[in-house]
**Student:** 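Quick one: structure below, then a few questions.
Computation of the quantities below employed the complete heavy-atom set of this structure, encompassing side-chain atoms and omitting hydrogens, waters and symmetry-equivalent molecules. Just so we're clear, the structure is a prediction, and the values are computed from it rather than from any experiment.
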Amino acid sequence: MSTTQDYFNLVVYAPVLVGHDGRPLAVVHGMERAVPGLRLGWTTSEKEDLIALPDRDEWVASDRTDGGFPFLCNDDDHHVVTLTGWESPAGPCDEPQFEVHARLPVNATVVAAAMGVLEVVAEGAHARWGHMTPFGAAGDIAEQTAPTLAGPPSPPRGLPALKLFQHIRAPEIPYYLGWLNYWSEAAARAIGFPDPARDADLLSRARHTATGGWVVQLTDAPLDLDNPAHLDVLKRAYERFPEIGGRATP
């Protein structure tokens, strides 16, 4: 079983599902195509026993648990992959959102496929924005959001404090940065990306998607904030995009 130190968090934020929405199946099928050998053909019981899903697609298409789709996983204790989605009742501007959450191991296969994985999940969900980040870095990034339960914000490693999502002015503006970042066409426009004169380095590690969005990779290797060079890249990216996290002056 993967430990908490060796997996990626993948999250994308999209408009809520409506009617017989085909986005959950598009996300599932896309993720299976993007990761070689992946089959999300199981779920788990309350006791965390694996349950095979012989009619997986029908089940996903018909089950709108929590306004999303139910928990799916593979059958590999050494390389666990999970996927699920739900409706979050209040996002920016008090607008509900459809969130897709995945967990994937940090191994050579997933790292090589990572940009494609984030792209197909985000575009399958019609996401506004999203990210894919190693667990350790994601934990530090989560501490940037203010205020905390302990009081005033005190982000680690000199990272900037970010606003709570309720205080961000539009749903397409990302709450924070990750290792890989998906920005829809609307999100990219809102944060001012790309600017060829300022974003040459980011563009060298970016992919323009079929829908006009972008997948932008901050560092060549998965983000490790114990690496001073990686930390510097993250800080410079926040400086470049003050809209992210609601930090720009209106």
**Student:** Going through the distances and angles, do Glu143 and Leu159 end up as a side chain to side chain contact (heavy atoms under 4.5 Å, CB included)?
**Tutor:** CA-CA 9 Å; Glu143 291 186 42; Leu159 293 167; over 6 Å; no
**Student:** With a 4.5 Å limit on heavy-atom distance, are the side chains of Pro24 and Leu17 in contact?
**Tutor:** yes
**Student:** Give, for atom CD of Glu243 and atom CZ of Arg189, the distance between the pair rounded to the nearest 0.5 Å.
**Tutor:** 13.0 Å
**Student:** Tell me whether Lys47 is salt-bridged to Asp49, with the criterion being a basic N under 4.0 Å from an acidic carboxylate O.
**Tutor:** no
**Student:** Taking the side chain from Arg157 and the backbone from Leu225, do they hold a donor-acceptor pair closer than 3.5 Å?
**Tutor:** yes
**Student:** Taking the side chain as C-beta and beyond, is there a heavy-atom pair between Pro174 and Ile191 under 4.5 Å?
**Tutor:** yes
**Student:** Pick out which of Arg128, His131, Glu123 makes a side chain to side chain donor-acceptor pair (under 3.5 Å) with Tyr182.
**Tutor:** Glu123
**Student:** Could you state the interatomic distance from CE (Met115) to CH2 (Trp179), rounded to the nearest 0.5 Å?
**Tutor:** 8.5 Å
**Student:** With a 4.5 Å cut-off on side-chain heavy atoms, are Pro160 and Gln144 touching?
**Tutor:** yes
**Student:** Looking at every non-hydrogen atom in both residues, tell me the closest pair between Ala14 and Ala127 and how far apart they are.
**Tutor:** CB-CA, 3.6 Å
**Student:** Can you tell if the side chain of Glu32 reaches within under 4.5 Å of the side chain of Leu40, non-hydrogen atoms only?
**Tutor:** yes
**Student:** Measure the shortest side-chain to side-chain distance between Leu104 and Met132 over non-hydrogen atoms and say whether it is less than 4.5 angstrom.
**Tutor:** yes
**Student:** Could you check whether the rings of His101 and Tyr13 sit parallel, tilted or perpendicular, using 30° and 60° as the cut-offs?
**Tutor:** perpendicular
**Student:** Report yes or no: does Asp232 contribute a side-chain atom to a donor-acceptor pair with the main-chain N or O of Pro228 at less than 3.5 Å?
**Tutor:** no
**Student:** Pick from Asp75, Asn74, Leu10, Val117: which one makes a side-chain contact (heavy atoms from CB on, under 4.5 Å) with Val81?
**Tutor:** Asn74
**Student:** Would you say Asp6 and Phe135 make side-chain contact, with heavy atoms under 4.5 Å?
**Tutor:** no
**Student:** Is there a side chain to side chain contact (heavy atoms under 4.5 Å, CB included) between Ile141 and Leu234 once you walk through the steps?
**Tutor:** CA-CA 10 Å; Ile141 292 166; Leu234 181 61; 4.2 Å; yes
**Student:** Does Glu58 have more than 12 heavy atoms from other residues, nucleotides or ligands lying within 6.0 Å of its CD?
**Tutor:** no
**Student:** Is it possible for you to say whether Val27 and Trp59 belong to one hydrophobic cluster, with membership spreading through side-chain heavy-atom contacts below 4.5 Å?
**Tutor:** yes
**Student:** Identify the two heavy atoms, one from His79 and one from Asn107, that lie closest to each other, and give their separation to 0.1 Å.
**Tutor:** ND1-ND2, 3.2 Å
**Student:** Does any part of the side chain of His230, heavy atoms only, come nearer than 4.5 Å to the side chain of Pro222, both counted from C-beta?
**Tutor:** no
**Student:** Atom OG1 in Thr219, atom CG in Asn227: separation rounded to 0.5 Å?
**Tutor:** 8.0 Å
**Student:** Rounded to the nearest 0.5 Å, what's the gap from CG on Leu218 to CG on Leu202? Could you check?
**Tutor:** 6.5 Å
**Student:** Considering all heavy atoms of both residues, which atom of Leu223 and which atom of Gly178 are nearest to each other, and what is their separation?
**Tutor:** CD2-C, 4.4 Å
**Student:** Working to the nearest 0.5 Å, report the span between OH of Tyr175 and NE2 of His167.
**Tutor:** 12.5 Å
**Student:** Please confirm whether Phe71 and Trp86 have ring centers closer than 6.0 angstrom.
**Tutor:** no
**Student:** Once the angle between the rings of Trp214 and His208 is folded into 0 to 90°, is it parallel (under 30°), tilted (30 to 60°) or perpendicular (over 60°)?
**Tutor:** parallel
**Student:** Hey, what do you get for OH (Tyr176) to CD1 (Ile244), rounding to the nearest 0.5 Å?
**Tutor:** 11.5 Å
**Student:** At their closest point, which heavy atom of Arg23 faces which heavy atom of Ala125, and how far apart are they?
**Tutor:** NH1-O, 2.9 Å
**Student:** In terms of hydrophobic clustering (I, L, V, M, F, W, Y; side-chain heavy atoms under 4.5 Å; direct or indirect links), are Val16 and Val12 co-clustered?
**Tutor:** no
**Student:** Are the side chains of Tyr7 and Pro105 in touch, meaning some heavy atoms are under 4.5 Å apart?
**Tutor:** no
**Student:** Between Asp21 and Val18, is there a donor-acceptor pair closer than 3.5 Å when you use the side chain of the first and the backbone of the second?
**Tutor:** yes
**Student:** Considering non-hydrogen atoms only, spot the tightest contact between His20 and Arg64 and give its length.
**Tutor:** C-NH2, 4.5 Å
**Student:** Does Asp76 pair with Arg39 as a salt bridge, N-O distance under 4.0 Å?
**Tutor:** no
**Student:** Shortest non-hydrogen contact from Pro194 to Leu203?
**Tutor:** CB-CD2, 3.8 Å
**Student:** When you measure from the side chain of Glu185 to the backbone N and O of Ala188, does any donor-acceptor pair fall under 3.5 Å?
**Tutor:** no
**Student:** Should the ring pair Phe69 and Phe98 be called parallel, tilted or perpendicular, given that the plane angle runs from 0 to 90° and is split at 30 and 60?
**Tutor:** perpendicular
**Student:** Taking a hydrophobic cluster as the set of Ile, Leu, Val, Met, Phe, Trp and Tyr residues connected by side-chain heavy atoms closer than 4.5 Å, whether directly or through intermediates, do Leu72 and Trp42 fall within one such cluster?
**Tutor:** no
